[in-house]
**Q** 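Here it is, the structure in full.
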Amino acid sequence: MIDIDWNSVLHQLLYDAHNPLLFNNGFFVYFLVAFILLYYLFRKNYKHRAIVLTVFSLYFFYKASGAFVGIVILSAFFNYFISNLIFKSKKKSGKGFFLFWSIIVNLGVLFYFKYTNFFIEVVNNFSDLKFDPLHILLPIGISFFTFENLSYTIDVYRGEIAPEKGIVNYLLFLSFFPKLVMGPIVRAKDFIPQLKKEYFVSDSDFSRGFYLIVTGLIKKLIISDYISVNLVNYVFDGPHLHNGLECLVALHGYAIVIYCDFSGYSDVAIGISKWMGITIPTNFLSPYQSKSVSEFWRRWHISLSSWLRDYLYISMGGNRKGKFRTNLNLFLTMLIGGFWHGASWNFIIWGAMHGTGLMINKLWTALFGKIRILPKAITNFIFAIVTFHFVCFCWIFFKASSLDTALQFLHQIVYQFTFDGVYEYVDNYKYVIIMIVIGYLIHLIPDSFPEKVIERQKRLPLVYYIVVMMGFIALYSFFKSAEPVMPIYLQF
Amino acid sequence: MVLANEIPYSSSMNNSKKVITLILVVTIIQLSLSVFSSQFIDYYPYFKNVNLLSDVLVKETPQKEIYTKKCKEIKTEVGDLPMNDFDAYEKKGTLIRFNSDTLSPALQKFNEKLIALSEGKNVKIRIAWFGDSQIEGDFITQDVREQLQNYFGQQKGVGYAPLTSISSDFRRTAKVVTTGDIKTDNFKKQDYNAGLFFSGYSFFSNNLDVNFQDNVRKSSEQITQKWLLFGRGDSIAIKLHDTVRKYPANSEFNRVLIGSGVSNKVKFTVSSKRTPIYGISSEPSSGIVLDNFSFRGITGVELKKLNSALLAQINKSGYYDLIVFQYGVNLMFKPNDTNYDYYYRAMRPVLKKFKDNMPNTEFLMFSCSDRAFNYDGTWKTAIGIDSLIATQARLAYNNDIPFYNFYKSIGGSGTIVKWADSTVQYANKDYIHFNYRGAKAVAKTIFTAFINDYNKAVKLKKANLPIVSQKTIPTKVIPTKAVVKETLIKKIDTPKTTTTKPDISKGKENIQKPTEKKVDSL
């Protein structure tokens with residue numbers, strides 16, 4: 001009936017660079033089952049439970065990123081010890097000294113892996129020196145766990161928390177597998193205390209976890225992947241091959257792709273954590289409903305924006321040093337935040353644009369904030385539209401592989417815009433367009449709706465959850481082999 | 001979707017058992033379905049995407065391997081056919097002339113002229129490079145041109161540029177800015193029923209200001225000629241430096257020298273109500289000219305729309321030494337297509353038309369490059385690609401046209417996936433087009449193949465052996481691999497007879513000294 005290839009079984013257990021572990025790998029199912037069984041078995045003893053969770057998290061990291069798992073372990077040890085040194089230092093200068101080294105080492109590692117080649121390129125472009133780029137692979141999740149380390153040592157320095165006594169708990173905080181690859185960025189002071197509590201999943205946690213996992217997977221694996229593969233990727237790779245209309249639709253498609261991809265992953269991470277009795281704060285709150293750029297950043301990647309606010313903006317002086325410095329701090333925070341997303345000028349430009357957007361936002365509010373001409377609903381609608389399009393405009397720089405490509409993309413929209421061939425276009429991309437529309441409709445669902453679903457689900461028997469999960473698997477299987485939509489390269 | 005803050009759990013019962021039960025039940029159901037998947041996979045084929053055992057089961061032979069195996073079986077069965085020469089089409093990195101004599105170059109007169117050029121003679125070698133969106137914006141060709149021009153005399157020039165096209169503002173090597181009303185006919189839309197040029201375009205305008213700039217880097221002393229190319233009509237008026245001159249348009253292909261000097265720019269006004277304007281050519285007075293004729297979304301069959309009279313006229317003048325056909329990716333629009341006989345039937349008369357009308361020109365046929373499709377969630381090279389390349393090779397073989405296995409030369413199966421998915425991308429995510437970096441890389445590969453061929457000619461010349469081989473091919477018509485069996489019974493073609501090509505050197509003389517002649521009605 002079935003013929004198992006035991007070599008393949010063995011191969012599955014090892015890291016495969018071509019097939020790193022993600023939530024949608026078949027292997028993840030086995031991983032989750034083995035993990036949850038042991039986790040449940042050791043539910044009474046939080047230390048044992050933490051060890052199980054740590055071992056599985058490190059194994060997840062190994063399956064996702066290979067030998068780089070060593071960096072997480074070393075990083076955990078380093079920060080564990082240096083945070084204790086910061087804590088034990090009696091004098092402020094001593095604390096500052098160790099914090100300084102914590103920042104240097106954490107950022108140094110991040111810079112080495114993420115930014116070395118960018119700076120080599122900058123030096124090569126702006127001088128006569130010609131360095132060869134280095135072959136450096138980026139360890140998965142390094143941007144996230146670097147920020148987690150920094151927030152931890154800074155919190156210890158500020159005296160907000162005492163350092164964690166158990167190294168295992170700290171290692172687990174860094175490597176906790178649900179949030180390892182794409183966040184959210186969690187804070188030790190929120191996370192570690194939960195490890196020491198009883199393994200408890202309330203009715204609401206169970207229902208919420210289920211809702212988040214299923215909707216998160218739909219957003220990521222069905223909506224985002226479908227639009228991405230069948231339109232967005234190839235338009236952004238070769239904008240010159242597509243007219244302005246195609247580029248514009250692809251841009252609006254990308255706005256959904258990045259939201260569904262990122263928030264979908266966060267939702268799954270939060271949902272799985274819920275099922276482990278651990279609460280991770282919400283990371284996305286329907287960001288495209290925002291009516292201003294500053295509201296957008298309160299709704300988009302909240303764990304990052306709050307990190308930037310607490311550890312960068314406030315550290316630079318925040319709004320305590322006058323209007324000019326406030327604006328400058330705001331701008332620099334976004335600029336650095338942009339650069340955190342990736343080592344290219346495009347991310348810097350993207351960050352600068354958002355920084356500028358925030359400054360204009362502040363100025364606008366100061367000048368016209370109290371003036372009401374139109375009814376509030378209309379004003380809100382106009383502001384939401386303007387904010388959304390500003391965000392979309394910035395996405396061009398975020399998504400394009402180079403500045404040239406971004407400018408070409410803009411050029412196509414401005415100078416090559418045509419409705420010629422629109423019927424062919426709609427006919428070819430009808431399913432992609434439907435998917436984009438679904439993405440926006442999901443986004444517009446009122447905030448109260450998920451709460452109602454979660455509340456109602458609580459009363460339903462287990463069989464309901466099984467049927468829905470099986471339904472999702474069937475849907476996923478269908479979309480995984482959906483006939484790809486080929487570019488039509490409209491000319492006429 | 002927004003989720004509100006947490007609800008305190010103290011009042012609720014612990015659902016941790018429910019979590020583990022749900023995960024276990026769903027996994028057991030899914031695992032059971034995977035074990036028994038063979039029983040229902042025909043009814044729900046998508047299940048293979050979520051089969052939990054698919055990674056650990058003994059693999060069945062993939063579809064492509066089955067197909068290739070089948071091809072080999074068919075080949076063995078027809079072992080009595082003289083397939084060896086034809087099989088040469090699978091060679092990579094070299095231009096193929098389908099004969100066992102690997103010492104002779106595939107291109108002959110072309111290489112003779114290259115040798116003459118390298119010896120410092122005043123020779124102009126012109127290449128027409130047909131292609132689809134892969135070469136749009138002068139991609140690939142700009143790099144091949146640059147390398148050929150660097151290698152042979154450093155005389156630069158962009159060659160042909162249309163007055164306008166979908167990719168004109170993207171093209172880096174030339175810039176044409178036009179002001180005024182412009183009407184266009186092209187392969188897809190022939191409102192004015194004008195004769196089309198090789199580019200697939202023709203333009204008309206009552207009054208059109210044209211600003212042309214050749215952006216190919218050249219030495220500041222090099223003189224570049226700027227020609228306006230146009231077709232048959234009544235006449236054409238060109239205003240240059242405030243002087244209007246009228247030129248007759250009696251021939252299918254005419255050209256006027258509108259500028260010659262060290263400047264890379266020319267500005268003029270053209271009025272041409274009934275005469276199709278073809279475009280501009282910016283070229284050195286001697287050296288290599290490579291004209292990019294890209295037209296998005298086509299397969300080469302569209303070239304049948306070019307008038308025989310135009311081809312004959314161009315041939316008469318010896319304007320082109322070499323014509324390259326680089327098509328194929330647009331034929332693979334369905335992931336599971338494996339039979340391209342329809343393409344053979346459609347393209348064959350096109351090639352015949354070129355061959356019949358342009359005996360003075362040599363031809364070179366490229367195979368398609370790599371193209372991938374998403375097969376069950378994984379991007380892989382199109383399963384029909386071997387069949388398409390065999391079909392293209394068969395077209396080349398049966399029309400006595402040298403062949404270049406572009407696909408194999410750039411790396412063969414899996415190349416485009418690797419290039420699109422690598423951190424430093426060489427191809428776009430449509431798994432069809434090379435990006436700027438990839439185009440440069442493939443151009444280098446192509447250039448190397450040209451130089452290898454050239455070096456063969458050089459060796460023969462040094463050994464005082466004739467470069468132009470007397471051996472002509474083919475003697476048998478070769479069917480595609482996929483249909484070999486069928487054509488064993490029913491021959492679809494008759495053996496080709498060979499003709500002696502006339503001497504072209506006389507016709508070329510007129511072109512090589514263009515400065516002496518301001519109007520060149522060819």
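Here is the naming used below: chain letters follow the sequence lines, and residue numbers restart at 1 for every chain. Quick note: numbers below take in every heavy atom, side chains included, and nothing from hydrogens, waters or symmetry partners.
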**Q** Drop me the distance from Gln425(B)'s CD to Ser402(A)'s OG, to the nearest 0.5 angstrom.
**A** 10.0 Å
**Q** Side chain from CB out, backbone as N, CA, C, O: work out which of these in Ile270(A) comes under 4.5 Å of a heavy atom of chain B, or both, or neither.
**A**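 For Ile270(A), neither part sits under 4.5 Å from chain B.
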**Q** Under a 4.5 Å cutoff for heavy-atom pairs, which residue among Met276(A), Gln416(A), His11(A) has the most contacts with chain B?
**A**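 Greatest number of close heavy-atom pairs with chain B: Gln416(A).
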**Q** Name the region of Val25(B), side chain, backbone, both or neither, that has any atom closer than 4.5 Å to a heavy atom of chain A.
**A**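 When you check distances to chain A, only side chain atoms of Val25(B) fall under 4.5 Å.
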**Q** Passes side-chain contact (heavy atoms from CB on, under 4.5 Å), Val29(A) versus Gln30(B)? Steps please.
**A** CA-CA 10 Å; Val29(A) 177; Gln30(B) 194 62 20; over 6 Å; no
**Q** Which region of Tyr436(B), side chain (C-beta onward) or backbone (N, CA, C, O), has a non-hydrogen atom less than 4.5 Å from a non-hydrogen atom of chain A, or is it both or neither?
**A** neither
**Q** With a 4.5 angstrom heavy-atom cut-off, could you sort out which part of Ala427(B) is near chain A: side chain, backbone, both or neither?
**A** backbone
**Q** Out of curiosity, Asn230(A) CG to Asn374(B) CG, how far, rounded to the nearest 0.5 Å?
**A** 8.0 Å
**Q** Taking every non-hydrogen pair under 4.5 Å, which of Val19(B), Ile29(B), Thr378(B) racks up the most with chain A?
**A**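 That would be Val19(B).
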**Q** Please determine, among Leu22(B), Asn435(B), Asn51(B), Asp421(B), the option with the most heavy-atom pairs under 4.5 Å with chain A.
**A**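 Looking at each option in turn, the highest pair count goes to Leu22(B).
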**Q** Report yes or no: do Asn15(B) and Asp205(A) form a side-chain donor-acceptor pair below 3.5 Å?
**A** no
**Q** Evaluate the side-chain contact (heavy atoms from CB on, under 4.5 Å) criterion for residues Ser16(B) and Phe200(A): first the C-alpha distance (whole Å), next the side-chain angles of each, then the deciding distance (0.1 Å), finally the verdict.
**A** CA-CA 6 Å; Ser16(B) 55; Phe200(A) 186 88; over 6 Å; no
**Q** Is there side-chain contact between Leu241(A) and Asn428(B), with heavy atoms separated by less than 4.5 Å?
**A** yes
**Q** Is Tyr39(A) in contact with chain B via its backbone, its side chain, both, or neither, using a 4.5 Å heavy-atom distance?
**A**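 When you check distances to chain B, no heavy atom of Tyr39(A) falls under 4.5 Å.
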**Q** Counting N and O atoms only, with roles assigned by atom type, does the side chain of Asp237(A) sit under 3.5 Å from a partner on the main chain of Asp430(B), one being a donor and the other an acceptor?
**A**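 Flag not set: sc Asp237(A) to bb Asp430(B) has no pair under 3.5 Å.
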**Q** List the atom of Lys429(B), the atom of Tyr234(A), and the distance in Å for their closest heavy-atom pair.
**A** C-CB, 3.9 Å
**Q** Is the number of heavy atoms from other residues, nucleotides or ligands under 6.0 Å of Lys305(B) NZ greater than 12?
**A**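 Yes, because the 6.0 Å sphere around NZ of Lys305(B) holds more than 12 heavy atoms from other groups.
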**Q** For each of Ile473(A), Val9(A), Thr405(A), tally heavy-atom pairs with chain B at distances under 4.5 Å, and name the one with the top tally.
**A** Ile473(A)
**Q** Less than 4.5 Å apart, any side-chain heavy atom of Ile20(B) and any of Arg43(A)?
**A**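 No, every pair of side-chain atoms sits at 4.5 Å or beyond.
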**Q** Does Lys18(B) form a side-chain contact (heavy atoms from CB on, under 4.5 Å) with Val201(A)? I'd like the steps, not just the answer.
**A** CA-CA 9 Å; Lys18(B) 211 170 163 184; Val201(A) 181; over 6 Å; no
**Q** Output the option from Phe27(A), Tyr199(A), Trp6(A), Tyr465(A) having the highest count of non-hydrogen pairs under 4.5 Å with chain B.
**A** Tyr199(A)
**Q** Would a 4.5 Å heavy-atom cut-off, applied to side chains only, mark Ile23(B) and Trp275(A) as touching?
**A** yes
**Q** Would you check if there is a donor-acceptor pair between the side chains of Tyr30(A) and Thr27(B) at a distance under 3.5 Å?
**A** no
**Q** When the ring planes of Phe139(B) and His240(A) are compared, do they come out parallel, tilted or perpendicular, using 30° and 60° as the limits?
**A**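 Geometry flag for His240(A) against Phe139(B): tilted rings.
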**Q** Tell me, for Leu52(B) versus chain A, whether the close heavy atoms (under 4.5 Å) come from the side chain, the backbone, both or neither.
**A**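 Contact with chain A involves both backbone and side-chain atoms of Leu52(B).
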**Q** Taking only Lys NZ, Arg NE, NH1 and NH2, and the carboxylate oxygens of Asp or Glu, determine whether Asp404(A) and Arg172(B) approach each other closer than 4.0 Å.
**A** yes
**Q** Are the side chains of Phe478(A) and Tyr44(B) in contact, using a 4.5 Å heavy-atom criterion?
**A**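 With C-beta onward as the side chain, the pair touches.
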